[in-house]
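As the structure lists them, so they are numbered: ligands from 1, and atoms in each ligand from 1.
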Amino acid sequence: MSHLFQTYSRWNIEIKEAAGSWAIDTSGKKYLDFIQGIAVTNLGHNHPNVNQAIKKQLDQVWHVSNLFENGLQEKAAEKLVANSSGDLVFFCNSGAEANEGAIKLARKATGKTNIVTFLHSFHGRTYAGMAATGQDKIKTGFGPMLEGFHYLPYNDLEAISTCKVNDIAAVMLEVVQGEGGVNPAKAEFLQAVQAFCQKHQALLIIDEIQTGIGRTGEAFAYEHANLDPDIISVAKGLGNGFPVGAIIGKKALGEAFSPGSHGTTFGGNMLAMAAVNATLDLVFNNEFLSEVKEKGAYLLSKLQAVKQLNIVKEVRGKGLMAGIECYQPVGEYITALRKQGLLVLPAGPNVIRLLPPLNVETIEMDQAIEAIIHVLSNETVTV
Ligand SMILES: *Cc1c(COP(=O)(O)O)cnc(C)c1O
């Protein structure tokens, strides 16, 4: 009997080794990994630069608490602000914690209460994260939610322009909804959200936990729409697999997060910072990001062939975050693809989500598409 809480319906395979785009299970079977820990190992598994940075730090010092100066945090923060609209960074340990802090920061800095978020969003599993999430299935059974959250339909300009909520501290959204089904926001919708924030003197919080750190071909996905967020939450790809998150905010918010106002024991731990610095040095590079854009465009163009299949309703995505929406539940196809040697995951019941590493090879994308076409048209092929 397993002594783990059964919070996950786990697949019956265990990965024992992985490198780059590939993972090997305990039986020796090899998989092309287009999950990458759910958009976490953006540089692929076992990246030598990140490994070396952690190994070097491992023998120096791991953890000293945030009572001390931390040059590694300063360096990592400098990289995040040089590549975003923000000026100040707070390091934490996960995505939910980053959103939790973002919501605290927005309320304290504005003195206002309400937070507007969107249907089908996903913002994490803590009480503030659940409250912010626009999906009832995440909240059921957990008692009273944190108050002050209001949900609007996503990509709906009309709903924004007629929104009657007052006393708004912030509007919070994903630029591409990840868990909600790989739904990219329309540019006009994002512009309307930015204008709404200006009109209400509300802060704009962009949840870049899944879309950030190069995933869409920019350092952060909001750049595609020229947004100017006040707060950005980051996690998943930030440490290429080492647990770490961050809140990035504008300078004017600095006063709200004064000494004693917010904190964490582990956040900004030196091993995490070694991983972040090594990861950002590779990802926040124009040449690297333009290759991600090219690879993303290639993947979406290849997916046009998948779109022709009878069961496929739509293909969509941004950069190397892609979704294949089918007319029916995709669980069985995901299992079949795994048997064929391709790891992909669902996003909602009907969408197959592809999250290859950002340095994926063209030939690997070709192999994945070939397997998908065969499985979705009920043939078989081995990757
Ligand atoms: C994964 C995710 C979160 C939650 O991050 P955790 O590290 O699992 O707490 C929040 N928002 C978005 C958009 C995510 O994809």
Trainee: Applying side-chain contact (heavy atoms from CB on, under 4.5 Å), run through Arg316 and Val351 and close with a yes or a no.
Mentor: CA-CA 10 Å; Arg316 52 182 183 254; Val351 178; 3.7 Å; yes
Trainee: Looking at residues at least two apart in the chain, or sitting in another chain, which of them share a side chain to side chain contact (heavy atoms under 4.5 Å, CB included) with Ser27?
Mentor: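 Testing Ser27 for side chain to side chain contact (heavy atoms under 4.5 Å, CB included), a comparison that skips the adjacent residues, returns Asp25, Lys29.
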Trainee: Strictly under 4.0 angstrom, heavy-atom based: which residues surround ligand 1?
Mentor: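 Under the 4.0 Å cut-off, ligand 1 touches Ser94, Gly95, Ala96, Asn99, Phe122, His123, Gly124, Glu174, Asp207, Ile209, Gln210, Lys236.
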Trainee: Report yes if the distance between the aromatic ring centroids of Phe142 and Tyr127 is under 6.0 Å, otherwise no.
Mentor: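 No, too far apart.
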Trainee: For Glu78, give me all partners under side chain to side chain contact (heavy atoms under 4.5 Å, CB included), at least two apart in sequence or on another chain.
Mentor: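 Residues passing side chain to side chain contact (heavy atoms under 4.5 Å, CB included) with Glu78: none at all.
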Trainee: Which value, rounded to the nearest 0.5 Å, describes the distance between Asn42 atom CG and Arg215 atom CZ?
Mentor: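 So the CG of Asn42 and the CZ of Arg215 are separated by 4.5 Å.
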Trainee: Hey, what else clusters with Leu146 if you join Ile, Leu, Val, Met, Phe, Trp, Tyr whenever side-chain heavy atoms sit under 4.5 Å?
Mentor: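 Grouped by the 4.5 Å side-chain rule, Phe90, Ile103, Leu105, Ile115, Leu119, Phe149, Tyr151, Met172, Leu203, Ile205, Ile231, Ile247, Leu253, Phe257 form the rest of the cluster around Leu146.
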